[in-house]
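One structure below.
All of these numbers come straight from a predicted model, not from anything done at the bench. Atoms considered below: every heavy atom in the structure, side chains included; atoms not considered: hydrogens, waters and symmetry mates.
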Amino acid sequence: VVDEKNFQFQMPRFREIPNVGLYLEQTVQYINDCIAPLDLVITSSMLSNYVKKGYVDRPVKKQYNAEQIAYLIFMSIVKQTLSMENIAALFQMQKGTYSIQEAYNYFCEELEKKLKKLFEGDFTDENPADMTFEKRALTSVVIAISNIIYLNFCFKEIKEDGLSE
């Protein structure tokens, strides 16, 4: 059984993300520090590819700002569930309705809540009808990715315990 009592995860809120301009390697290191508890990794080549394909704005003077970093954190997590094209579409929809700070912080809060519920054994999902379409879409992504993260931890434990043989 996954050790739900020891699972702690806190996403950095937008105001906590460095906005001094981080170079590629610094950006990769910062994002990996943020997503490491989820057993996820981003590489320099992945990040460069996202820029080359236009998913992320080009860095200014080779430095990434807080908005780019927030989007890269979001992408690094959500790509487990959605295609890059769908991530870009979801991001554009959110951006058209909410500020990047609001959308990113909402994602962080919802992901933390959902992961906490899953690791505590609560597998019920709520999707209130009074939520905006944009919030329902993002909440659905959070539910999907949270379940995948939880399952990855379960499968990792199964392999470590030798239960898969």
Original post:
What do the steps show when you test Leu111 against Met11 for side chain to side chain contact (heavy atoms under 4.5 Å, CB included), and what is the final call?
Top reply: CA-CA 9 Å; Leu111 181 62; Met11 295 273 294; 4.2 Å; yes
Original post:
Which heavy atom in Ala137 sits nearest to a heavy atom in Met93, and how many Å separate them?
Top reply: CB-CE, 3.6 Å
**OP:** Check whether any side-chain heavy atom of Leu24 lies under 4.5 Å from a side-chain heavy atom of Pro59, and answer yes or no.
**Re:** no
Original post:
Angle class for the Phe107/Phe74 ring planes (parallel below 30°, perpendicular above 60°, tilted otherwise)?
Top reply: perpendicular
Subject >> Tyr106 and Glu102: CA distance, side-chain angles, deciding distance, side chain to side chain contact (heavy atoms under 4.5 Å, CB included) verdict >> reply: CA-CA 6 Å; Tyr106 180 77; Glu102 287 175 296; over 6 Å; no
Original post:
Which heavy atom in Leu38 sits nearest to a heavy atom in Phe9, and how many Å separate them?
Top reply: CD1-CZ, 3.5 Å
Subject >> Pairwise distance NZ(Lys116) to OG(Ser146) - rounded to 0.5 angstrom >> reply: 13.5 Å
Original post:
Thinking salt bridges, do Glu120 and Lys117 make one under a 4.0 Å N-O criterion?
Top reply: no
**OP:** Output the distance between atom OH (Tyr150) and atom CD1 (Ile145), rounded to the nearest 0.5 Å.
**Re:** 15.5 Å
**OP:** Measure across Lys79 and Met84 and return the closest heavy-atom pair with its distance rounded to 0.1 Å.
**Re:** CB-SD, 4.3 Å
**OP:** Please tell me if the side chains of Tyr98 and Leu138 come closer than 4.5 Å, counting only heavy atoms from C-beta onward.
**Re:** no
**OP:** Report yes if some heavy atom in the side chain of Thr27 is under 4.5 Å from a heavy atom in the side chain of Leu72; otherwise report no.
**Re:** yes
Original post:
Any side-chain heavy atom of Tyr71 sitting closer than 4.5 Å to one from Ile87?
Top reply: yes
**OP:** Output the distance between atom CD (Glu67) and atom CZ (Phe14), rounded to the nearest 0.5 Å.
**Re:** 5.0 Å
Original post:
If you look at every heavy atom in Phe153 and Pro37, which pair is closest and at what distance?
Top reply: CZ-O, 3.0 Å
**OP:** Report the distance from atom NZ of Lys52 to atom OG of Ser45, rounding to the nearest 0.5 Å.
**Re:** 9.5 Å
**OP:** Determine which pairs satisfy salt bridge (Lys or Arg N to Asp or Glu O under 4.0 Å) with at least one residue from residues 21-42, sequence neighbours left out, and list them in order.
**Re:** Asp39-Lys156
Original post:
In Å, rounded to the nearest 0.5 Å, how long is the span from CG of Leu151 to CG of Leu118?
Top reply: 8.5 Å
**OP:** Could you check Leu47, Ile100, Asp57 and say which one makes a side chain to side chain contact (heavy atoms under 4.5 Å, CB included) with Gln68?
**Re:** Asp57
Subject >> Approximate separation, where rounding is to 0.5 Å, of Leu40 CG and Ile149 CD1 >> reply: 5.5 Å
Subject >> Glu112/Arg13 ion pair, N-O < 4.0 Å >> reply: yes
Original post:
Heavy atoms, side chains only, cut-off 4.5 Å: are Lys113 and Val142 in contact?
Top reply: no
Original post:
Going by atom types alone, do Tyr104 and Ser99 pair a side-chain donor with an acceptor below 3.5 Å?
Top reply: no
Original post:
Does some side-chain heavy atom of Leu90 sit less than 4.5 Å from a side-chain heavy atom of Asn86?
Top reply: no
**OP:** Report yes or no: do Tyr55 and Glu85 form a side-chain donor-acceptor pair below 3.5 Å?
**Re:** yes
**OP:** Please report the closest heavy-atom contact between Ile42 and Ser76, naming both atoms and the distance.
**Re:** CD1-OG, 3.5 Å
**OP:** Applying side chain to side chain contact (heavy atoms under 4.5 Å, CB included), run through Ile35 and Ile77 and close with a yes or a no.
**Re:** CA-CA 7 Å; Ile35 64 176; Ile77 296 170; 3.8 Å; yes
**OP:** Taking all non-hydrogen atoms of both residues into account, name the closest pair between Tyr64 and Ile69 and its distance.
**Re:** O-CD1, 3.9 Å
Subject >> Cluster check Ile31, Val60: I/L/V/M/F/W/Y, side chain < 4.5 angstrom >> reply: no
